[in-house]
Amino acid sequence: MKPLFKNLLATLSLCLPLLANAALDPALLQPLAGDDPDARVAAVARIAATGGSDARQVLQALLDDALVATPAGQVLIVRDDQAIDAATGKALPVPDGADGVVVNNRLRGAVQAALSGLALLAPARDERLAAVHSLQAQDADPAQAPLLRQALARETDTDIKAQLAQLVARADLESSDPATRLAAVTALADSGDAALRPQLQAMLTEEPDAALRAAAGATLRAIDGRVARNEVIGNLFYGVSLGSVLLLAALGLAITFGLMGIINMAHGELLMIGAYTTYVCQSLFRHYLPGAADWYLVAALPAAFLVAFAVGVVLERSVIRWLYGRPLETLLATWGISLMLMQAVRTVFGAQNVEVANPAWMSGGVTVLGSLVLPYNRIAIIVFAALVVAAVWLVLNRTRLGLFVRAVMQNRRMADCVGVPTGRIDMMTFGLGSGIAGLGGVALSQLGNVGPDLGQSYIVDSFMVVVLGGVGQLAGTVLGALGLGEINKFLEPVAGAVMAKICILVVIIVFIQRRPQGLFALKGRSVE
Amino acid sequence: MNRTSSLFSRRAWAVLAACTLAAALLPVLHLAFPDGHPLHVSGYAVGLVGKFMCYALAALALDLVWGYTGILSLGHGLFFALGAYAHGMYLMRAIGRDGSYGSVLPDFMVFLDWKDYPWYWAFTDHFWYCMLLVVLVPGLVAFVFGWFAFRSRIKGVYFSIITQALTYAAMLLFFRNDTGFGGNNGFTDFRRILGQSITAPGTRVALYLATLALLVGALLLCRWIVRSKLGRVLQGVRDAESRLMFIGYDPLAFKLFVWTLSAVLCAVAGALYVPQVGIINPSEMSPANSIEMVVWVAIGGRGTLVGPIVGAFAVNGLKSWFTAAFPDLWLFALGLLFILVTLFMRRGILGTLPAIARFLPGRRPVVATKEEAA
Amino acid sequence: ADTIKVGILHSLSGTMAISETSLKDVALMAIDEINAKGGVLGKKIEPVVVDPASNWPLFAEKARQLIAKDHVTAIFGCWTSVSRKSVLPVVKELNGLLYYPVQYEGEELEKNVFYTGAAPNQQAIPAVEYLMSKDGGAAKRFVLLGTDYVYPRTTNKILRAYLHSKGVKDADIKELYTPFGHADYQTIVADIKKFSAGGKTAVISTINGDSNVPFYKELGNAGLKATDVPVVAFSVGEEELRGVDTKPLIGHLAAWNYFESVKNPTNADFVKKWKAYAAAKRLPNAATAVTNDPMEATYVGIHMWAQAVEKAKSTDTDKVIAAMGGQSYKAPSGYTLVMDPTNHHLHKPVMIGEIKGDGQFSVVWKSKEAIRAQPWSPYIKGNEGKQNL
Amino acid sequence: MSLDMSIKPEGVDTRHGAILYLDDVTVSFDGFRALNKLTLDISVGELRCIIGPNGAGKTTMMDVITGKTRPTSGSAFFGQTFDLARMTEYEIAHAGIGRKFQRPTVFEQHTVFENLELAMKMDKRVRPTLFARLSSEQEDRIGAILRLIRLHGHEDRPAGLLSHGQKQWLEIGMLLMQEPQLILLDEPVAGMSDAETARTAELLNELRGKHSIMVVEHDMGFVAEIAQQGKVTVLHEGSVLAEGRMDDVQADDRVIEVYLGR
Amino acid sequence: MLQVEHLNQYYGSSHTLRGVSLAVEKGQCMALLGRNGVGKTTLLKCLMGVLPVARGTVTWNGRDITRYKPHRRAQAGIAYVPQGRDIFARLTVEENLMMGMATLPRREAARISGEVYELFPVLKEMLGRRGGDLSGGQQQQLAIARALLQRPQLIILDEPTEGIQPSIIKDIERVIRLLRERGDIGILLCEQYFDFARALADKFVVLSRGEVVASGGAHEMDGEHVRRHLAV
Ligand SMILES: Nc1ncnc2c1ncn2[C@@H]1O[C@H](COP(=O)(O)OP(=O)(O)OP(=O)(O)O)[C@@H](O)[C@H]1O
Ligand SMILES: Nc1ncnc2c1ncn2[C@@H]1O[C@H](COP(=O)(O)OP(=O)(O)OP(=O)(O)O)[C@@H](O)[C@H]1O
Ligand SMILES: NC(N)=O
Ligand SMILES: [Mg+2]
Ligand SMILES: [Mg+2]
């Protein structure tokens with residue numbers, strides 16, 4: 001693959017001065033529709049070399065699966081049932097028997113490289129920045145150097161300039177001029193890109209110049225140091241992120257189980273209901289508000305809360321309220337409820353998973369410290385978890401309702417006797433716990449499956465978190481979740497995911513030995 | 001409460017004997033009458049009852065700790081599986097060279113390039129040694145785990161959850177090929193037991209009768225225990241553990257005793273289960289399986305001894321029937337059943353059959369609700 | 001009896017329902033189809049559907065029930081290998097007949113079973129070959145990522161041996177496993193990223209079931225694109241992709257013996273029939289119904305069974321087994337598949353597909369012809385000369 | 001009513017005449033000192049009354065003696081040899097200390113009879129318990145106690161169904177079944193009517209000399225009745241405020257100030 | 001204002017209350033006497049609605065409240081100090097006191113009136129401590145304080161002096177007397193401590209085996225027929 005890119009970019013840089021709008025020669029396009037992979041990649045290079053906006057359009061269409069070839073070998077761009085001739089730009093009716101041009105990874109790589117190269121000189125800053133990012137993700141390539149230098153020279157934006165300089169240095173690593181190589185090695189000393197390691201490693205042994213070897217060694221150490229630091233920071237972030245997921249999954253349970261003492265085996269299904277509500281919201285938005293489809297989450301949050309709240313209230317009024325004071329029986333009943341809810345979802349939505357897409361603003365991630373990618377959806381979930389916890393804490397500890405809730409859960413009969421309508425409080429509390437589980441479901445839908453079994457995969461973890469934190473202790477739940485997340489993420493690279501999971505379970509068992517009432521155990525007489 | 005020394009009332013003895021006899025008669029009918037004869041009982045039915053009896057034994061064991069001592073274990077599947085694996089090791093070795101690779105090693109070991117049995121497989125070709133393992137391994141695991149947990153005074157849900165963690169961890173461990181127990185496929189394709197073909201009708205009947213005998217034996221043993229003063233101490237542990245300490249009992253010892261005993265009984269159930277079902281794999285250790293056991297006990301009637309047996313039969317019987325009769329909707333029926341039983345049969349099936357319950361083991365009136373009593 | 005009974009043994013509840021439910025439905029469709037043409041031996045086929053509920057011992061119980069109590073003449077069912085292993089002793093003891101439609105790890109051959117899914121050499125090995133080719137990206141380093149159980153472990157063992165034979169060093173192979181239902185792939189993806197810094201890397205994923213979605217989502221959000229680090233999966237098909245937003249996954253690969261997007265009249269017909277069936281039976285999500293490889297394998301299996309029964313003029317197990325050998329069927333994959341008389345596996349074509357934005361695959365490579373299965377992988381010692389029953 | 005319950009030395013070394021020593025015991029909860037350098041001893045056969053304001057630390061002191069609470073500092077000895085701070089609750093109970101709690105605690109699900117049976121003095125390890133059979137002697141003893149606590153006729157009722165006062169009695173009965181050498185009674189007559197209080201006083205007076213007894217009560221009439229010429233200790237804020245004969249204590253200004261009121 | 005007529009209650013098959021009738025008037029203190037286990041607590045629980053009534057009626061200011069839930073009775077102005085205190089063990093003392101004002105409008109419930117601290121100074125020192133950590137007597141004080149904060153029209157006290165030190169008993173006595181004299185509140189006092197009851201009561205009833213066996217004005221309390229029913 002590499003040599004081809006080389007040609008491609010070399011050609012590109014040669015024709016840069018010619019940048020102009022020229023209609024494409026149909027003969028250039030023809031190989032795209034053919035079967036020969038090498039010819040197709042070469043065609044991409046040649047099309048790109050024309051450098052015009054037509055070329056960009058064709059390449060983009062290729063990426064988007066919008067390029068179609070007629071049996072006659074004519075190549076068309078078809079978008080929204082509108083066909084235009086790729087060569088001439090003339091609108092045409094969509095012909096019968098046209099077949100999509102198949103794009104595989106190799107071709108796609110070539111097209112992306114070509115487009116990035118073209119975009120390096122684009123007027124819009126965003127486009128140039130994206131091009132730089134895309135080039136960063138690709139292998140270093142000495143043939144890029146001239147093009148990159150040109151772009152660097154033209155560039156005005158300091159941020160892009162800095163990144164381009166790094167790209168240039170990277171490309172220069174294999175330059176034949178030792179001075180250029182040395183400059184490149186030195187320039188790369190503040191990179192954190194692990195992909196440079198093999199090359200630098202090779203320089204350590206192959207480089208004839210001792211000074212260069214030393215410089216390469218220094219750069220290598222600097223990179224290694226940065227990589228190691230990023231790894232630790234990465235693990236910290238992953239831990240917080242996993243912790244916040246566990247927390248969102250467990251928070252509702254911290255109320256229904258922790259506070260109310262209901263061994264709520266249907267908790268997972270309430271998460272699932274939240275996730276399915278998200279799915280339904282997404283579908284409704286796609287159907288009725290396609291323009292605002294990316295904002296379905298904004299509607300999904302209250303909707304999921306309310307739906308799960310309502311389901312919770314119905315469950316409480318119909319089943320659970322008869323079981324207060326019989327905590328072990330709640331296990332049986334809620335297990336039954338869980339089976340029924342799962343089957344209900346299977347009947348309505350099918351046994352298969354349904355698709356919930358991250359909105360565009362939650363897709364992708366931000367690159368920090370050079371190489372660490374923090375996905376937006378993870379960041380959003382961490383923030384969201386913090387907000388939900390804060391809200392729950394406020395409600396429980398700073399409002400009269402919260403006081404009543406805690407009082408009823410501790411001594412229902414006496415709370416009744418001092419005038420608290422316990423039935424309503426029970427209903428509200430279970431509803432609240434369920435609603436929060438619904439919110440958790442929204443968050444989970446952004447990370448993983450939305451299917452009938454969604455709840456089952458979180459129920460065990462949720463109970464562990466709540467119990468580890470200390471039943472009835474919100475702060476314990478928070479700390480328990482984050483602690484498990486962090487421990488897990490620092491164990492996983494060392495022990496592997498499976499052993500990490502086993503270790504976590506053992507950690508829980510051992511930890512409970514030390515603190516038989518969980519992390520935030522209440523002490524003293526009040527516990528008895 | 002009558003303080004006589006007989007385990008059961010006369011009527012209860014009669015019912016028990018009748019049930020045992022009826023159960024023992026099933027395989028006889030299966031063998032004695034040809035297919036199509038009105039008195040013929042299908043091999044499928046006999047197998048099913050045999051399997052249910054294993055479940056019932058496990059439920060009985062669980063009830064001993066949960067119903068009587070108030071220790072809710074969400075990890076009894078582990079003991080069940082350990083017993084089953086211990087027996088399974090013997091059954092695997094009894095395959096001999098009849099496996100796919102024609103090696104004395106089980107197929108999965110050949111496949112993993114193992115040249116020899118790992119140390120923990122030593123002597124497992126001896127039936128009685130494996131039977132010893134059936135009892136010792138789960139017993140030891142339970143004893144050590146229990147000793148630490150009870151010594152730390154871990155109670156209630158905290159205990160339940162760590163038992164769940166334990167079985168979950170074990171499941172993941174057994175899933176791995178490297179652990180040496182056949183990964184998620186576990187042990188299967190057994191050929192013979194004590195030299196007899198495992199599929200031979202005679203062997204099947206023998207296994208069935210052994211299960212029946214052990215189930216009845218376990219019932220009598222449990223009944224004897226809960227009727228003894230020790231039984232009352234156990235209930236004291238359940239209701240007011242600290243009070244018990246202040247009158248001079250060491251709850252640790254009592255809990256450990258009943259916990260280990262229960263684990264061993266459960267393991268025996270597992271050991272009887274493997275040859276009858278023909279497979280053991282780590283999914284038996286999944287948390288959901290252990291919860292299901294709890295459900296059997298709760299449905300049947302916690303704190304009674306016959307209850308769990310009835311519960312295991314009822315739930316599994318219904319499940320067997322539902323999954324064939326309404327494959328698409330059976331979970332609704334089962335779920336609803338669980339809910340209805342909790343709401344309308346507070347003490348499980350057995351608790352609502354007072355006519356029967358009056359002369360069956362271990363029933364006692366309860367204070368209206370926990371809250372009222374507190 | 002005036003009908004011929006067949007058993008359908010797929011989990012309709014529990015963790016496997018997600019995959020197996022559609023196999024049950026497609027089996028029912030195939031049976032309807034055969035019945036509409038008059039059935040077999042002049043009798044209608046009567047399906048007996050049971051739900052083994054993703055519970056392996058229950059598979060054995062249900063199999064016994066189907067054969068001993070319902071007297072079915074053949075069982076179509078199972079997905080996971082462990083469920084098959086659980087059913088096997090029963091089928092052998094009662095001399096029943098099992099049609100198993102899913103790709104699996106091999107290392108098995110049974111007289112009473114017909115395997116209509118792929119053996120490793122019909123899926124895994126060609127996929128790796130492709131990744132090493134120029135068009136596949138000329139991968140030099142490999143991450144073998146799987147769920148921690150027998151199928152992935154076995155497949156990876158075979159693949160490692162295969163890679164060794166191609167000169168790939170152990171240092172360039174990384175094996176990673178996750179527990180069932182694992183949902184947090186941050187560390188794994190970071191790990192892959194780090195590993196891929198060392199040279200052109202491909203990921204071979206034997207992740208099964210629910211873990212795929214979180215894995216792909218993480219992959220997409222971490223910015224690992226198919227052009228950088230392609231992932232080829234062996235357990236991800238159209239049905240699984242229904243639950244994923246595929247836009248970030250474009251270009252990642254799957255290897256199967258059939259894709260819905262295959263273009264030929266048989267497949268067009270098959271897909272159309274399935275969509276119509278889903279709509280007519282009001283299956284949930286009928287509007288987005290898709291076909292996939294195991295469904296095709298189920299469909300082919302039932303038709304071949306029917307042909308064999310006709311040929312044997314009997315439903316007697318031994319006669320049907322004898323008649324099955326050499327049966328051929330023009331399959332939706334566009335190939336005429338033949339049942340191997342000596343190893344009971346189908347000869348199958350291999351296809352590599354790249355994920356498209358619409359949840360379908362575009363076939364980027366396919367084998368010239370159907371390949372004979374090697375259930376006993378030659379890459380495992382002790383398997384030499386064991387290819388036949 | 002006469003019950004034969006003479007003191008059997010049984011391992012408790014009381015050579016120095018005292019059965020219980022608390023020396024400089026402090027118990028603090030998050031900085032709050034419930035007991036503050038409390039020093040106290042009780043001689044063999046003594047009946048000691050402890051009074052003191054609510055929150056003075058009386059119950060906490062009993063918690064320390066029975067092993068429920070560990071002293072933050074200081075030592076507690078039963079006889080010369082048993083270091084209570086190092087023993088578990090059941091070891092302490094086994095060694096011969098019995099306690100009635102401030103709030104009645106009985107086995108609610110067990111019948112009255114079984115409650116007494118469980119409390120009965122015997123080898124309380126697992127095996128002996130498993131094989132234990134009630135001898136007719138033991139049954140008689142239970143019967144005697146049942147009459148003493150006026151719950152005969154109720155023996156087959158679950159204890160959870162008893163009224164508050166009845167539970168108090170049952171707990172006293174259980175205590176007697178244990179035949180402890182040192183009896184700790186935390187507010188034994190709370191919730192009893194005057195007549196019942198008088199009966200309890202009678203009972204205690206009967207037990208006097210056969211057991212060492214420590215009684216905590218707020219009912220001054222009752223205390224006066226059982227203290228007779230013996231020592232009464234007044235606790236206040238975790239330490240001894242005054243000690244002496246009932247009359248003297250009652251006349252003590254500080255005691256009036258903090259406890260009795262004017 | 002509280003009228004109880006022919007109240008009957010059963011625990012399972014045992015007939016615990018047999019046709020109990022009594023009335024409590026504003027500004028009056030009614031003492032409820034009887035031996036252990038005669039049904040005093042049961043009667044009070046029935047009045048509060050904690051236990052269901054089998055037959056008979058409870059009337060409150062002319063309204064039939066026999067079927068009311070406890071919280072509606074509390075809202076109607078009845079406060080209850082149960083036997084066994086029923087403190088919210090894990091709420092702080094302050095929160096326990098706030099719970100006493102659950103029936104009051106939000107604004108009035110914002111501050112705890114200083115009067116209760118005058119009566120029970122110890123509570124002020126312990127505001128931040130958890131209710132369950134208090135000593136028995138302190139909990140009892142807390143329970144009484146909680147009931148007073150409710151500003152009830154009728155206060156039901158089940159053995160309020162149990163476990164309380166003599167000086168505070170005297171204070172409680174003073175408070176009850178004060179409340180009685182203020183005249184806008186009724187008091188139903190169940191008490192084993194005879195002298196205390198006699199000192200406060202305007203009227204009394206004696207229960208025996210679930211039946212009212214004696215009743216009358218305070219001056220009759222020392223009579224032999226009363227003593228007889230209280231003796232062992
Ligand atoms: N676990 C605890 N945490 C905090 N404070 C406690 C705890 N246990 C006891 N206290 C405090 O210690 C003090 C002594 O309590 P203790 O119960 O010993 O008093 P007491 O003398 O028995 O009072 P009473 O006569 O009311 O029963 C009280 O102020 C109580 O609030
Ligand atoms: N939950 C219950 N179930 C059955 N019987 C009960 C229950 N609670 C109390 N009893 C019985 O009802 C009778 C009356 O009890 P209650 O508590 O009302 O007595 P009391 O007069 O308040 O006695 P005390 O002075 O001891 O508090 C007692 O005999 C008691 O055993
Ligand atoms: N055979 C499988 N995919 O387990
Ligand atoms: Mg006290
Ligand atoms: Mg009372």
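Everything numeric in this text was worked out from a predicted model, so none of it was measured. Here is how names work: the chains are called A, B, and so on, in the same order as the sequence lines, proteins then strands, and each is numbered from 1. Note that these values count all heavy atoms, side chains included, but never hydrogens, waters or copies made by symmetry.
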Find the one option among [options] whose heavy-atom pairs under 4.5 Å with chain C are most numerous.
options	answer
D328(B), I198(B), N177(B), N185(B)	N185(B)
L331(B), V277(B), D178(B), N281(B)	N281(B)
D113(B), L172(B), V110(B)	D113(B)
N184(B), I279(B), D189(B)	N184(B)

For T188(B) against P89(C), the heavy-atom pair lying closest together: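 Heavy-atom minimum between the residues: OG1-CG, 3.6 Å.
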
Under 4.5 Å from any heavy atom of chain B - which part of [X]:
X	value
D70(C)	neither
I380(C)	side chain
T154(C)	both

Euclidean distance, [Y] [atom2] relative to [X] [atom1], rounded to 0.5 Å:
X	Y	atom1	atom2	answer
Y44(B)	R64(C)	OH	CZ	10.0 Å
L109(C)	S100(B)	CG	OG	8.5 Å
S197(B)	E93(C)	OG	CD	8.0 Å
E107(C)	F108(B)	CD	CZ	14.0 Å
F180(C)	S283(B)	CZ	OG	10.0 Å

Within 6.0 angstrom of K111(C) NZ, more than 12 heavy atoms from elsewhere: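 Yes - once you tally the heavy atoms of other residues, nucleotides and ligands closer than 6.0 Å, there are more than 12.
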
Where at least one partner belongs to residues 277-287 of chain B, residue pairs that pass salt bridge (charged side-chain N to carboxylate O under 4.0 Å, His left out), sequence neighbours excluded: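 Every candidate salt bridge (charged side-chain N to carboxylate O under 4.0 Å, His left out) pair involving residues 277-287 of chain B fails, so no pair, neighbours aside, qualifies.
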
Pairs involving residues 54-63 of chain C, ordered by first then second residue, that meet salt bridge (charged side-chain N to carboxylate O under 4.0 Å, His left out) (sequence neighbours left out):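 Matches after skipping sequence neighbours: K51(B)-E61(C).
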
Worked check of salt bridge (Lys or Arg N to Asp or Glu O under 4.0 Å) between K85(C) and D107(B): CA-CA 13 Å; K85(C) 296 265 185 208; D107(B) 285 350; over 6 Å; no

Aromatic contact, F111(B) with W376(C) (centres under 6.0 Å):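 No, the ring of F111(B) stays outside the 6.0 Å limit from the ring of W376(C), centre to centre.
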
